[in-house]
Protein chains: 2
Amino acid sequence: MTTVDHLRQVRLGNLRTVLLALVDRPGSRADLAARTGLTKATLSNLTEPLLANGILVEEPATLAGMGRPSKPLRFHPGGPVAVGAEINVSHLAVETLGLDGETIRRHLVPADIRDSTPDEVLDRVAELIRDITPARPLLGVGLAVPGVVHDGVLVRAPNLPKLVGSPLADDLRRRLDLDVELDNEANLAALAHLWPRHLAGEDFVHVSADVGIGAGVVINGEVYRGVSGFAGELGHVVIERDGVRCTCGGRGCVERYAGLDVILREAGRRRLDSLAKALEAGDPKALAAVGAAGAALGVGLATLMNLFDVPTVVLGGSYAVLHEHLSTAVQSEMDARVLAGGERHTSLVASPLGEFAVVRGAAGLITRRAVHQPERLFA
Amino acid sequence: MTTVDHLRQVRLGNLRTVLLALVDRPGSRADLAARTGLTKATLSNLTEPLLANGILVEEPATLAGMGRPSKPLRFHPGGPVAVGAEINVSHLAVETLGLDGETIRRHLVPADIRDSTPDEVLDRVAELIRDITPARPLLGVGLAVPGVVHDGVLVRAPNLPKLVGSPLADDLRRRLDLDVELDNEANLAALAHLWPRHLAGEDFVHVSADVGIGAGVVINGEVYRGVSGFAGELGHVVIERDGVRCTCGGRGCVERYAGLDVILREAGRRRLDSLAKALEAGDPKALAAVGAAGAALGVGLATLMNLFDVPTVVLGGSYAVLHEHLSTAVQSEMDARVLAGGERHTSLVASPLGEFAVVRGAAGLITRRAVHQPERLFA
DNA sequence: CGCACTAAGTTCAAGCATTGAACGAATGAG
DNA sequence: CTCATTCGTTCAATGCTTGAACTTAGTGCG
């Protein structure tokens, strides 16, 4: 590390600070200086290359009050964008996201890819991405998959066994000639509630269900990934040590009581929307199935909250759809079991992001990286 | 933040890097330069005030090989020291620790303080500290207590109700006229396995038992504290949703199956050493009690490991004493339940620190803070 | 004994990002 | 038209690391 490097680090750090302030909201140089604690001089200096490179634009001028009018800066409407993509058991989704946090376009297509080869899937994903990509510089692609990811490879995915082991990130990178970052859908869904806007505070768990149950834990505004990206395996938290056998080899895992497949089976339904209708109509079997799942989930979540010390739970994915009929049981188990030492209280909310949470998180991964490592913007 | 501040930050960061290298082992300026990536010039500059202030000493010279002999630098034998203190149900302990990581003196006295007032306890602690404090500058006191700590106050301590709510840190500070930092014993026991030397890798959970069960989770070389210092409440992880009632209001908490009180009761013993003797003698009742506790603990630990994605468990405190008879059952539950996706394997080890782990961690908290915030060394 | 060789540690001018104060620019109020 | 006010830019000063040159202090060999 040379001294020049040290100083460069300071500059990059300040650049990040400024960009973060701009993600929050646009502002003039003077305003940004006030918000970041830097001086006006530094702000002129830092924003100059951002304007020159088409990352920011200077708006005409704001005529308000006395003094010289300010010319607010904001992200350039033709500036770089990030792409998010999601591969899931029953659908594919793509989204483009600007640095300002606005969704540009999004697209979700049903698709049963359980029997497809990795090449077939990636071909379709690449096509979807090309279809929605605007004529603007591209920062890269975030790719979400339902399973454990390590080093750009899907290493474990009970529901997509055919994709396990392929270098998905590299293969998609080759197809598009773009940076591709592979990550787990649970982590990305959690990230979507955190970036570019905080939707559930600085600390929360995002829980969603397909066949498995994934939890993304957010602590201090960061997704907690654990040592090997394995963290948050809520599905295999034990709630009955001698309970039902689980595919993982253990017994009594939450997944065997609150997984979506279990809920549907117990309710005698085949698909989520049919279950939702039955609940709406007050079908007792459906209500009982969801209630039982909620209780089991609540026990598992209480354990998680006691270990991670997180106050908020966000129900996402299928759980968000079932939220209304699920949350009573979840909340009551949580209230009974989470240590209320001091002034703690647990809050339980449904995700506002709907079915696009994962793909938005995937795109957000890329815009976030660009803001945190501003040198990438000048490539 | 002025620019001067920025530059000062760079300097302090480099100072930290150098001190960390020295905690690892002594070395000449040239050696340190090589190890830290800084230049020899910077090292001369950085170490000059450390030598002037009696933090470091320059050793005579090492005559080895060709070239000008190097004069290794190490922490001054008369330099500042940290004090650790532990308040527990059945004993008090104190230890003094140098920046080099060497224990200077330690002392552990049995004491039943369950009925003592905070003032009585702190008087005794202050006396113990004065007894072992060497005639060297003092960096501060780390104070360990069995319970949840918030802002220098013990806010929850089922086993020491009389101390709850007193400003222990402030009261001890007043007695000694020293900085006092209060923390939870589980966190500090974990820290002791991490600082000043890594005894169990970069990522592990340290588990120990008294009446409750405390876990200190270490991720990436940092103690994970959670949002409000509550993290790692392994005792209230649920292993049987409809199991035994717990003081926390829930049911089936690990604590009710693997707590030390439960083990002793089931084994028909009153004290840990008596239990240990019975185990040695092969007493079936004792063996059964410990085996059952181990199984329950293993289930809870599997849940914790699936959530935190940590590969190693360190058994400390009473569990370390029982380790030989406990680990088989623990390990077998862990093996059965922890997701072995990919190449994961769980390892289970006994703490090498014995009964001084907590108090050593308490002192380590202070030396670590001094190294991480080197400006404190010049106060 | 002396000279070449090696490595440790020091000295010093150069380089760099931020700062703060001074300055120029653009508008509203009276 | 002039003053007050706020925005944005310019520029010398600051303080830290750097790298190269230099000094110091030994070893090895003839």
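Just so we're on the same page: letters track the sequence lines, and every chain starts at 1.
- Judged by closest nucleotide on DNA chain D, A:Arg68 is the one of A:Thr47 and A:Arg68 placed further toward the 5' end.
- For A:Asn45 and C:dC16, the CG to C1' distance is 11 Å, given to the nearest whole Å.
- A:Ala30 comes within contact range of the sugar-phosphate backbone alone, with a heavy-atom separation under 4.0 Å but no base atom that close.
- Applying the 4.0 Å criterion to OP1 and OP2 of C:dA17, one finds that A:Thr42 has every side-chain N and O outside that range.
- Out of C:dT11, C:dA17, D:dT10, the shortest distance to the side chain of A:Ala41 is found at D:dT10.
- What separates NZ of B:Lys71 from C1' of D:dA25 is a distance of 9 Å, to the nearest Å.
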>> Checking A:Phe204 against A:Leu199 for the side chain to side chain contact (heavy atoms under 4.5 Å, CB included) test, could you report, in this order, the C-alpha distance in whole Å, the side-chain angles of both residues, the deciding distance, and whether it holds?
In response: CA-CA 10 Å; A:Phe204 60 89; A:Leu199 302 178; over 6 Å; no
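- For B:Met66, whose side chain is taken as the heavy atoms from C-beta onward, the closest listed nucleotide among C:dT18, C:dT6, C:dA29 is C:dT6.
- Comparing atom distances between the B:Thr39 side chain and each of D:dT17, D:dT18, C:dT18 picks out D:dT18 as nearest.
- With D:dC7, D:dT27, D:dC16 as the candidates, the nucleotide lying closest to the side chain of A:Ser70 is D:dC7.
- Taking atom CD on B:Glu48 and atom C1' on D:dC16, their separation rounds to 15 Å, with Å as the unit.
- Atom CD of B:Gln9 is separated from atom P of C:dT18 by 14 Å (rounded to the nearest Å).
- At D:dT17, one or more side-chain N or O atoms of B:Asn14 fall inside 4.0 Å of OP1 or OP2 (strictly under the cut-off).
- Between B:Arg11 and the phosphate of D:dT17, there is a side-chain N or O to OP1/OP2 separation shorter than 4.0 Å.
- With D:dG26, D:dG8, D:dG19 as the candidates, the nucleotide lying closest to the side chain of B:Pro69 is D:dG26.
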> Which is it for A:Leu38 and A:Asn14 under the side chain to side chain contact (heavy atoms under 4.5 Å, CB included) test, yes or no, and what are the steps along the way?
Replying inline: CA-CA 8 Å; A:Leu38 299 166; A:Asn14 288 338; 3.8 Å; yes
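- With rounding to whole Å, B:Arg8 atom CZ is found 22 Å from C:dC16 atom P.
- With a 4.5 Å cut-off on side-chain heavy atoms, A:Leu139 and A:Leu99 count as touching.
- Spacing between atom NZ of B:Lys40 and atom P of D:dT17 amounts to 17 Å, rounded to whole angstrom units.
- Across the protein-nucleic acid pair, A:Leu73 atom CG and D:dG8 atom C1' stand 11 Å apart, rounded to whole Å.
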> Going through the distances and angles, do B:Arg106 and B:Val359 end up as a side chain to side chain contact (heavy atoms under 4.5 Å, CB included)?
Replying inline: CA-CA 9 Å; B:Arg106 43 164 62 167; B:Val359 74; 5.8 Å; no
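- Looking at heavy atoms from C-beta onward, B:Arg376 lies in side-chain contact with B:Arg369 at the 4.5 angstrom threshold.
- The residue B:Ser44 sits close to a base: some heavy atom pair falls under 4.0 Å.
- Counting only heavy atoms from C-beta on, B:Val10 has its side chain closest to D:dC16 among D:dT5, D:dC16, C:dG9.
- Distance CG (A:Asp31) to P (D:dT5): 20 Å, rounded to an integer number of Å.
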